[in-house]
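Heads up, the thing below is written out as structure tokens.
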Amino acid sequence: MVKIVTVLYDGGKAAQEEPRLLGTTENCLGLREYCQKNGHELIVTSDKEGANSVFQKETTGENGAAILVSTPFHPAYLTKEIIDKSPNLKLAVTAGIGSDHVDLNAAASKGITVAEVTGSNVVSVAEHVIMTMLILVRNYNVGHALSMPGGSWSVGEVARNEFDLEGKVIGTIGAGRIGYRVLERLVPFNPSKLYYYDYNELPAEAAKKVGVERVHDLNEFLQKCDVVTVNCPLHEGTIDLINKDNIKHLKGKWLINTARGAICNAEAVAEAVNSGSLLGYGGDVWNKQPFPENHPWKAMVGPNGRGNAMTLHTSGTSLDAQARYAKGTIEIIDNFLNNKPQRKEDLIVDAGGYATAAYGQRNK
Ligand code: NAD
């Protein structure tokens with residue numbers, strides 16, 4: 001019997017009414033049934049901040065958990081300090097994709113395996129990226145707001161900032177599973193050019209299929225693109241990748257980030273949108289989740305109401321995605337407990353080192 005701590009968001013009424021809302025404390029990824037059947041102790045909580053939180057109390061110490069499950073949507077921040085106090089912890093599972101809420105270097109040094117359900121929501125996110133591009137480029141939100149009670153028939157107020165996606169130069173930072181799916185979905189929109197910026201090169205056949213060209217220098221990449229989409233993990237090399245110095249290259253352009261909030265500096269983005277330099281910023285990820293009320297992106301708005309297409313962290317948590325990452329989470333736990341091999345692509349940190357080339361360039 002092992003102890004499994006699971007940190008998820010509370011779904012409340014929504015979770016009671018919709019059993020497919022699996023990523024909630026109420027429905028718990030199907031783990032209640034799994035643990036009951038297999039005799040494991042399961043602690044489920046949304047309480048995750050501070051030393052007295054259920055997450056920290058149940059993970060640390062000599063009675064601490066062997067397995068921690070969390071999601072990027074309501075992340076349990078597994079810091080080095082907590083890892084150092086968690087002698088029993090052997091496996092940290094991300095129910096979804098993106099394990100930056102875990103201090104990966106600390107996990108590696110303690111021999112903790114970090115795994116995520118690779119591929120589980122890549123289509124969900126890619127669809128959201130295309131939607132956000134269209135919302136921003138077509139200035140959808142301003143027209144939608146004017147269509148609500150109290151709005152007026154001010155077509156010009158919308159159209160003054162409305163463009164076509166066709167003919168634009170579009171680039172992705174990160175051309176992995178999501179970035180490549182975004183490129184595939186962009187092809188029918190007839191962009192004038194597609195670029196990618198990534199230290200890992202796409203296979204020639206894959207690049208040819210979508211007609212994408214690699215740019216090695218970030219500033220040059222930003223200068224070339226009309227629309228930039230961010231699709232790389234958050235790690236030491238991508239914090240503030242878009243910052244107050246290089247955001248000037250995006251003057252008169254649009255930026256979409258569904259990867260991780262901290263990849264784009266919050267103040268620099270808000271300043272650029274508010275001043276009208278950046279035509280728009282959109283995505284679903286925030287540098288602190290849940291966001292504080294005074295987060296600069298909540299009040300961010302460009303001239304004439306344009307330019308803010310932010311939403312909650314939902315791009316990767318459609319009901320379809322939840323079914324996939326709930327199933328994948330149980331598979332990872334079951335493999336681990338029964339000494340069965342994991343899917344290679346699910347492993348982020350294993351056997352004391354990085355098992356993937358996606359979380360930064362480093363010597364293994
Ligand atoms: P992936 O591993 O398939 O691809 C990531 C790519 O980013 C790799 O090709 C890697 O080389 C590249 N990369 C890493 N560092 C880079 C850098 N400094 N500059 C340029 N490229 C870099 O991962 P994926 O499945 O495509 O997911 C990417 C990220 O998207 C995840 O790590 C996660 O943070 C985020 N994500 C968000 C949601 C959501 O709900 N918003 C859901 C899933 C994933």
Side-chain angles (χ1 to χ4, degrees), residues 9 23 70-75 94-102 104 114-132 171-185 195-203 206-207 212 214-222 225 228-243 246 256-264 282-287 289 309-322 324-325 328 343-349 354-362:
Y9 61 87
S70 186
T71 70
F73 313 105
H74 186 74
T94 301
I97 303 173
S99 299
D100 49 278
H101 55 283
V102 177
L104 297 174
V114 182
E116 51 188 54
V117 191
T118 294
S120 57
N121 51 18
V122 292
V123 165
S124 324
V125 178
E127 288 184 0
H128 194 100
V129 172
I130 302 295
M131 175 183 78
T132 309
T172 176
I173 297 178
R177 294 172 182 87
I178 296 172
Y180 189 74
R181 279 165 179 77
V182 170
L183 294 171
E184 284 183 318
R185 280 155 181 75
Y195 289 113
Y196 77 99
Y197 171 78
D198 193 323
Y199 57 74
N200 282 310
E201 189 171 11
L202 276 172
V212 70
R214 187 176 180 195
V215 180
H216 290 266
D217 179 76
L218 181 59
N219 286 337
E220 188 191 333
F221 169 87
L222 297 175
C225 294
V228 169
T229 158
V230 183
N231 297 296
C232 61
L234 176 65
H235 53 76
E236 303 97 319
T238 58
I239 292 175
D240 278 353
L241 192 68
I242 302 296
N243 53 54
N246 62 18
I256 289 99
N257 175 15
T258 52
R260 284 296 177 264
I263 297 172
C264 300
D284 66 323
V285 284
W286 304 69
N287 58 356
Q289 295 190 182
M310 285 305 297
T311 184
L312 309 184
H313 192 161
T314 51
S315 76
T317 192
S318 63
L319 292 181
D320 301 299
Q322 293 191 45
R324 292 188 292 263
Y325 65 67
R343 290 195 313 160
K344 203 168 163 289
E345 64 269 31
D346 285 352
L347 293 170
I348 304 302
V349 162
Y354 281 79
T356 169
Y359 277 79
Q361 290 172 290
R362 52 173 59 79

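Worth saying up front: this structure is predicted, and the values here are computed from it rather than measured. Note that ligands are numbered from 1 as they come in the structure, with each ligand's atoms numbered from 1 the same way.
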I'd like to check whether Asn200 has a polar contact with ligand 1, where a contact means an N/O of the residue lying under 3.5 Å from an N/O of the ligand.
yes

Contact partition for Thr118 relative to ligand 1, non-hydrogen atoms under 4.0 Å
neither

Using a 3.5 Å cut-off on N or O atoms only, is Asp100 in polar contact with ligand 1?
no

Those atoms of ligand 1 less than 4.0 Å from some heavy atom in Gly174
7 (O), 21 (N)

Would you check whether Val125 has a nitrogen or oxygen atom less than 3.5 angstrom from a nitrogen or oxygen atom of ligand 1?
no

Report the relative orientation of the aromatic rings in Tyr199 and His235; use parallel for angles under 30°, tilted for 30 to 60°, perpendicular for over 60°.
perpendicular

Spacing of His216 atom NE2 and Asp198 atom CG [to the nearest 0.5 Å]:
10.5 Å

Does the protein put any heavy atom within less than 4.0 Å of atom 23 (O) of ligand 1?
no

Would you mind telling me if ligand 1 is within reach of the side chain of Ile178, the backbone, both or neither, using heavy atoms under 4.0 Å?
both

Nearest protein heavy atom to atom 4 (O) of ligand 1, by residue and atom, and its distance?
Gly176 CA, 3.2 Å

Arg181 versus Arg177: any side-chain heavy-atom pair under 4.5 Å?
yes

Quick one: nearest non-hydrogen protein atom to atom 43 (C) of ligand 1, plus distance?
Asn121 OD1, 3.1 Å

Between His128 and ligand 1, which residue portion shows a heavy-atom distance shorter than 4.0 Å: side chain, backbone, both, or neither?
neither

Checking Asn121, Val129, Val125 against Ser315 for side-chain contact (heavy atoms from CB on, under 4.5 Å), the one that qualifies is Val125

Given Gln289, which partner from the list His313, His101, His74 fulfils the side-chain hydrogen bond (donor to acceptor under 3.5 Å, both in side chains) test?
His313

Looking only at protein heavy atoms, what sits closest to atom 19 (N) of ligand 1 is Tyr197 CE2, 3.7 Å

The answer for which part of Phe73 has a heavy atom under 4.0 Å from ligand 1 is side chain

Numbering as shown, the atoms of ligand 1 that approach His313 to under 4.0 Å (heavy-atom distance):
39 (C), 40 (O), 41 (N)

Taking every heavy atom of Ala357 against every heavy atom of Asn200, the minimum-distance pair comes out as O-ND2, 3.3 Å

Look up atom CG in Leu183 and atom OH in Tyr195, then write down how far apart they are to the nearest 0.5 Å.
13.0 Å

So, Thr94 side chain and Gly96 main chain: donor-acceptor pair closer than 3.5 Å or not?
no

Grab the two heavy atoms, one from Gln322 and one from Thr317, that are nearest each other, plus how far apart they are.
NE2-O, 3.0 Å

Of all heavy-atom pairs linking Asp284 and Thr314, the shortest is OD2-N, 3.3 Å

Please check whether Thr317 reaches ligand 1 - meaning an N/O of the residue sits under 3.5 Å from an N/O of the ligand, judged on distance alone.
no

Can you give me the closest heavy-atom contact between Leu347 and Ala115, atom names plus distance?
CD2-CB, 4.4 Å

Please report the closest heavy-atom contact between Arg324 and Val117, naming both atoms and the distance.
O-CG1, 4.1 Å

Under 30°, 30 to 60°, or over 60°: which ring-plane class applies to Phe73 and Tyr325, parallel, tilted or perpendicular?
parallel

Is the shortest distance from a heavy atom of Ala259 to ligand 1 less than 4.0 Å?
yes

Selected option - heavy-atom contact closest to atom 6 (C) of ligand 1, from Val117, Leu218, Asp198, Thr258
Asp198

Enumerate the atoms of ligand 1 whose separation from the nearest heavy atom of Asn231 is less than 4.0 angstrom.
5 (C), 7 (O), 28 (C)

Quick one: does Gly96 get within less than 4.0 Å of ligand 1, heavy atoms only?
no

Can you name the closest pair of heavy atoms from Cys232 and Ala259 and give their distance?
O-CB, 3.2 Å

Under 4.0 Å to a heavy atom of Gly316 - the qualifying atoms of ligand 1, by number
39 (C), 40 (O)

Provide, to 0.1 Å, the distance between atom 13 (N) of ligand 1 and the closest protein heavy atom, together with that atom's residue and name.
Cys232 CB, 3.6 Å

Do any N or O atoms from the side chain of Trp286 and from the backbone of Thr311 form a donor-acceptor pair under 3.5 angstrom?
yes

I want to know if ligand 1 touches Thr238 in the polar sense, i.e. an N/O pair below 3.5 angstrom.
no

Is there a side-chain contact between Ile173 and Phe221, using heavy atoms and a 4.5 Å cut-off?
yes

Which bit of Asp284 gets closer than 4.0 Å to ligand 1, counting heavy atoms only: side chain, backbone, both or neither?
side chain

Under 4.0 angstrom from ligand 1, any heavy atom of His235?
yes

Test of understanding: given a 4.0 Å heavy-atom threshold, classify the contact between Ile97 and ligand 1 as side chain, backbone, both, or neither.
both

Which ligand 1 atoms, with their elements, are less than 4.0 angstrom from a heavy-atom of Val122?
25 (O)

What part of Arg177, side chain, backbone, both or neither, has a heavy atom within less than 4.0 angstrom of ligand 1?
both

Atom indices of ligand 1, in the order listed, that fall short of 4.0 Å to a heavy atom of Val285:
41 (N)

Would you mind checking which non-hydrogen protein atom is closest to atom 2 (O) of ligand 1, with the distance to 0.1 Å?
Ala358 CB, 3.3 Å

